[in-house]
Amino acid sequence: MSNNLNHDLETKIIHCGHNADSSTGALASPIYQTATFAAKSVEHFEELCRDFGYVYTRECNPNLTELELKLAMLENAESAIVSTSGMGAITSTILALVKSGDHIVSSDGIFSHTKLFMNELLGKFGVEVTFVDATNYINVKNALKNNTKLVYIESPLNPTLDLVDIKSISEVAHENKSLVIVDSTFGTPIIQKPIDLGADIVVHSLTKFINGHGDTLGGAAIGSKEIIDLIKWPSLPCFTGASLPPMSAWMIMRGMKTLDMRMKKHCENALTVAEYLSNRDDIEIVKYPALKSHPQYDLCQRQMNGFGGGMVSFKLKNEINGLTRDEASRKMINGLKLCTIATSLGEEHTLVQMNGENLIRLAIGLESAKDIINDLEQALENLV
Ligand SMILES: Cc1ncc(COP(=O)(O)O)c(C=O)c1O
């Protein structure tokens with residue numbers, strides 16, 4: 001196992017937490033496809049239960065441990081816990097940290113299911129949530145109360161691709177003794193590291209860029225050992241049954257080994273597509289954090305190391321060839337031949353989805369940028 005701090009990230013992603021199998025020498029990690037683990041004696045069983053050893057896969061499993069070590073390393077954090085999906089990780093983290101009577105300040109415009117969870121479910125347990133436009137950190141500061149336990153933000157936001165200033169928000173939240181959770185799914189640790197910027201917990205949908213192949217779900221919460229231990233025990237993924245299956249952990253680890261190079265290609269493709277779209281007369285607005293026209297371009301340079309990520313959102317102009325924006329957007333999307341109409345993101349395929357107010361969201365894949373652009377061009381040219 002190499003946890004050499006001098007190694008570059010690409011090297012550490014591959015080696016951290018990994019050993020060749022001690023009994024067979026298998027270099028790829030075996031998949032521990034087992035529900036239960038045998039103990040040598042009653043006393044050994046008791047010891048395993050006491051010391052969080054491997055007892056039962058809903059509680060822990062070696063494939064999950066290896067993935068958790070790699071994720072903690074990637075985010076420059078001490079510890080991580082994985083779960084069945086991004087939503088599994090987000091709900092487990094929030095439920096573990098709040099109690100009845102607590103208050104949460106959340107960024108508006110977050111992933112719709114996270115917002116639904118906060119709106120529909122947390123209220124039932126006596127937790128109050130205030131949603132604010134967190135693209136201006138002063139709005140977060142003004143919404144903090146004595147009982148604000150958590151500040152929950154996402155950056156870049158889905159689907160508007162607006163940014164939230166993680167450092168400034170962490171500073172004002174900490175003055176109020178509130179913990180900061182950042183959903184960094186769109187950023188990935190290759191582009192932005194919320195813990196380094198002052199956040200307490202990072203959550204990810206591993207389903208997206210980190211796995212990168214659109215073939216399994218997964219999620220994670222990452223932070224200090226003290227905070228992650230609160231989520232591990234009482235272990236919410238364990239008690240709610242939202243534990244990650246070993247096969248999924250293994251698949252995510254395999255995908256993750258190429259995260260660095262994939263993410264750079266997603267960003268390169270996305271910037272090329274965003275520049276192409278912003279040079280067209282029939283497009284009203286293109287949202288991409290690394291475009292100079294993005295209102296938070298400077299924040300992208302500071303917070304995302306100048307990378308814009310793999311997502312591009314845009315809106316067509318109204319009245320293209322007598323079509324309303326809604327008609328033209330539908331016709332354009334239905335005319336795409338390479339890009340697939342589908343939700344999700346961070347896969348090798350380019351995916352397209354229309355959101356409210358005809359905002360078209362492209363999850364840019366790993367195909368050639370030229371081919372993605374040619375597909376968009378033929379669909380746009382067919383509108384006239
Ligand atoms: C920003 C963001 N966070 C969390 C999630 C939830 O992840 P999962 O689908 O793995 O539960 C999604 C899903 O699209 C997302 O886009």
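Side chains included, hydrogens not; waters and symmetry mates left out as well; all remaining heavy atoms used. Atoms within each ligand, like the ligands themselves, are counted from 1 in listed order. Residue indices begin at 1 and follow the sequence shown.
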Go through ligand 1 atom by atom and flag the ones less than 4.0 Å from a non-hydrogen atom of [X].
X: Asp183; answer: 1 (C), 2 (C), 3 (N), 4 (C)
X: Gly218; answer: 10 (O)
X: Gly86; answer: 7 (O), 8 (P), 10 (O), 11 (O)
X: Asn158; answer: 16 (O)
X: Lys208; answer: 9 (O), 12 (C), 13 (C), 14 (O)

- Task: If the plane angle is over 60° it's perpendicular, under 30° parallel, otherwise tilted; pick one for His7 and His15.
- Result: tilted

- Heavy-atom distances under 4.0 Å are what count here, so tell me which part of Leu217 touches ligand 1: side chain, backbone, both or neither. neither

- Message: side chain to side chain donor-acceptor pair (under 3.5 Å) for Arg262 and Thr258? Distances and angles first, verdict last.
- Response: CA-CA 6 Å; Arg262 278 190 291 104; Thr258 54; 3.0 Å; yes

- Task: Would you sort out whether Glu66 and Ser29 count as a side chain to side chain donor-acceptor pair (under 3.5 Å), showing the intermediate values?
- Result: CA-CA 9 Å; Glu66 185 178 347; Ser29 303; 2.7 Å; yes

- Item | Cation-pi, Phe131 ring and Lys115 (6.0 angstrom, 45 degrees) | yes

- protein heavy-atom neighbour closest to atom 10 (O) of ligand 1 works out as Thr207 OG1, 2.6 Å

- atom 6 (C) of ligand 1 - nearest protein heavy atom and its distance: Phe111 CE2, 3.5 Å

- Message: Quick one, Ile283 and Ser278 - any side-chain contact, counting heavy atoms below 4.5 Å?
- Response: no

- Below 3.5 angstrom, do we get any N/O pair linking Met87 and ligand 1? yes

- Query: Is there at least one pair of N or O atoms, one from Glu154 and one from ligand 1, spaced under 3.5 Å apart?
  - Reply: no

- Item | Pair Lys99 + Asp102: basic N to acidic O under 4.0 Å | yes

- Salt bridge between Glu171 and Lys167, side-chain N to carboxylate O under 4.0 Å? yes

- Message: Heavy atoms only: which of Ala363, Gly187, Ser205 lies closest to atom 7 (O) of ligand 1?
- Response: Ser205

- Whether Ser313 side chain and Pro159 backbone form a donor-acceptor pair below 3.5 Å: yes

